[in-house]
Amino acid sequence: MATSICRTLKSTHLTTCHNIKYVAQLLDVRLPRWIVVPVRTKKRFFIPPAVNMKQKTQAEQEAKARAAGVVVRQQYMERAINISCTAGIFDPYVPPEGDARLSTLSKEGLKQRTEQLRQSAASQLAIRKIKDHDPEFSTKEFPSRAQEIFIEAHAALTQFNKENLHSLVTERCYPEMVRGNRYKTLRWRFIESLEPPRVVHARCPDMISKGNLYAQVTLRMHSRQTLAIYDRFGRLMLGDEEEPRDVLEYLVLERHLVNPYGRWRLHGKIVPAWAPPKDAIIKTVMIPGPKLKPEEEFEDLNYQVPKPKAVQWYK
C-alpha cells in the first residue's frame, strides 16, 4: 500500500536530522534547538515583478520574458475590410450636356440619343449577368423600386433613423449622407416625378476574386422636391420648405450578387461637370459686444448692435 504524504515527509525529516547530528558529533559543533533545512521546490521560469517595483518599459519586459523562455506574440495592425459593398463607382456614367433641356427632335438631342445607343452594349452584357443571379430583375420594374429606396433613405435621414438608413444605403454612401448634419434640422419632401425614372447605365464588376460580382445600376431621375436646412439656432441655412424645385439626379444603386441575402442599396450620386453651382449657405455669425470694465454692466450701456455684412459660405 502506498504511504501517505505526511508519513513520507516525517521519515525524510527524521533521516535528515540524524545525518546532521552525526556530522555535528564528528565536528564537535553544538547545534541549535531548531534546524531549518532548505528543500528545493519546482523551478520557476518567470518570476512576476514585485508590487512596489517601478514599471519597466515594454522593451525591457519583452527582453526579460524572452530570457525566461516565454514567447511574446507579435501584434499585427490589421485594417478591417468590408466586402458587402465596393469602395467606389466602376466606370461612372457620363451624363450628356444639356440633359432634360434638349428635345429628342432637335439635332443635338438626336446626337445624344445615338451616342447613348452606342454605349449601351456594355450595359446589356452587365444586365445579362445581373439576371443570371437575380431572375426577378427587370429594367422596367427596377426604376420604380429604386425610386422608393431613394425616398425611404432620405426620409430616414431627416428623422435620423440610423438603423433604417443602414439598410437602405451602403457603407460607402452612409458617411457622405450624414456628414455635417449633427446639429442641423432637415426638412425634405418628394412631390412628384416630372419624368418616369429609367435605367441609363449598368456595370457588373468583380472584386478581390473572380466570380465575386457586384452589380451597379445608374438611374436617371427627374423629379420635383423641397429642401430646407436649419442650423442649431433654428435659422434657415439653405432652401425653402414652400418652394419646390426641379431636380435632375443620377443615382447609383449597388447589390452584392453572390450574397444570397444581398439587396439593392443606394451607393452614390453622379454630379455632371456641367451642373449649375449649388446655392450659398448662410451661417449664423456671432458679433462680439463691447468690452466691459469690472464695475460696468451691459444693461446700463446704450449699445446698438451694428448690422453685419452679408457673409456667405459655399458648400
What about Leu257 and Val199, same hydrophobic cluster or not, with Ile/Leu/Val/Met/Phe/Trp/Tyr joined at side-chain heavy-atom distances under 4.5 Å?
yes
Is Val94 reachable from Phe90 through a run of I, L, V, M, F, W or Y residues, each pair having side-chain heavy atoms under 4.5 Å apart?
no
Check: [X] side chain, [Y] main-chain N or O, donor-acceptor pair, under 3.5 Å:
| X | Y | value |
| --- | --- | --- |
| Gln225 | Trp188 | no |
| Lys210 | Asp206 | no |
| Asn164 | Ala156 | no |
| Asn181 | Met177 | yes |

Got a salt bridge between [X] and [Y], using NZ or NE/NH1/NH2 to carboxylate O under 4.0 Å?
| X | Y | value |
| --- | --- | --- |
| Arg145 | Glu141 | no |
| Arg245 | Asp279 | yes |
| Arg255 | Asp134 | yes |

Apply the test side chain to side chain donor-acceptor pair (under 3.5 Å) to residues Ser193 and Gln147: give CA-CA distance (whole Å), side-chain angles for both, the deciding distance (0.1 Å), then the verdict.
CA-CA 10 Å; Ser193 294; Gln147 189 175 10; 2.6 Å; yes
If you compare all heavy atoms of Ala126 against all heavy atoms of Ala202, which two are closest, and at what distance to 0.1 Å?
CB-O, 3.5 Å
Taking all atoms of both residues into account, what is the closest heavy-atom pair of Pro95 and Pro272, and its distance?
CG-CB, 3.9 Å
Tell me, do [X] and [Y] make a side-chain contact under 4.5 Å, heavy atoms counted?
| X | Y | value |
| --- | --- | --- |
| Thr185 | Ile229 | no |
| Ser84 | Glu171 | yes |
| Val200 | Arg198 | yes |

Going through the distances and angles, do Leu168 and Leu266 end up as a side chain to side chain contact (heavy atoms under 4.5 Å, CB included)?
CA-CA 6 Å; Leu168 295 170; Leu266 193 63; over 6 Å; no
Judged by modelled atom types alone, do Glu249 and Ser223 share a side-chain donor-acceptor pair under 3.5 Å?
no
Side chains of Glu243 and Thr226: do they bring a donor and an acceptor to under 3.5 Å?
no
Test side chain to side chain contact (heavy atoms under 4.5 Å, CB included) applied to Phe150 and Met221, step by step
CA-CA 10 Å; Phe150 171 80; Met221 192 173 69; 3.3 Å; yes
One pair to check against side chain to side chain donor-acceptor pair (under 3.5 Å): Gln216 and Tyr93. What are the steps and the verdict?
CA-CA 11 Å; Gln216 291 185 354; Tyr93 174 70; over 6 Å; no
Does Ile89 form a side chain to side chain contact (heavy atoms under 4.5 Å, CB included) with Arg172? I'd like the steps, not just the answer.
CA-CA 10 Å; Ile89 301 174; Arg172 183 243 182 197; 4.1 Å; yes
For His166 together with Tyr174, are the ring centres under 6.0 Å from each other?
yes
Which label fits Phe142 and Phe137: parallel for a plane angle under 30°, tilted from 30 to 60°, or perpendicular past 60°?
tilted
Step by step, work out the side chain to side chain contact (heavy atoms under 4.5 Å, CB included) result for Thr158 and Arg189.
CA-CA 10 Å; Thr158 56; Arg189 187 162 53 95; over 6 Å; no
Please say which of Thr170, Leu253, Val169 ends up in a side chain to side chain contact (heavy atoms under 4.5 Å, CB included) with Arg265.
Thr170
Pick from Tyr261, Tyr214, Trp264: which one makes a ring-ring contact (aromatic ring centres under 6.0 Å, His included) with His256?
Tyr214
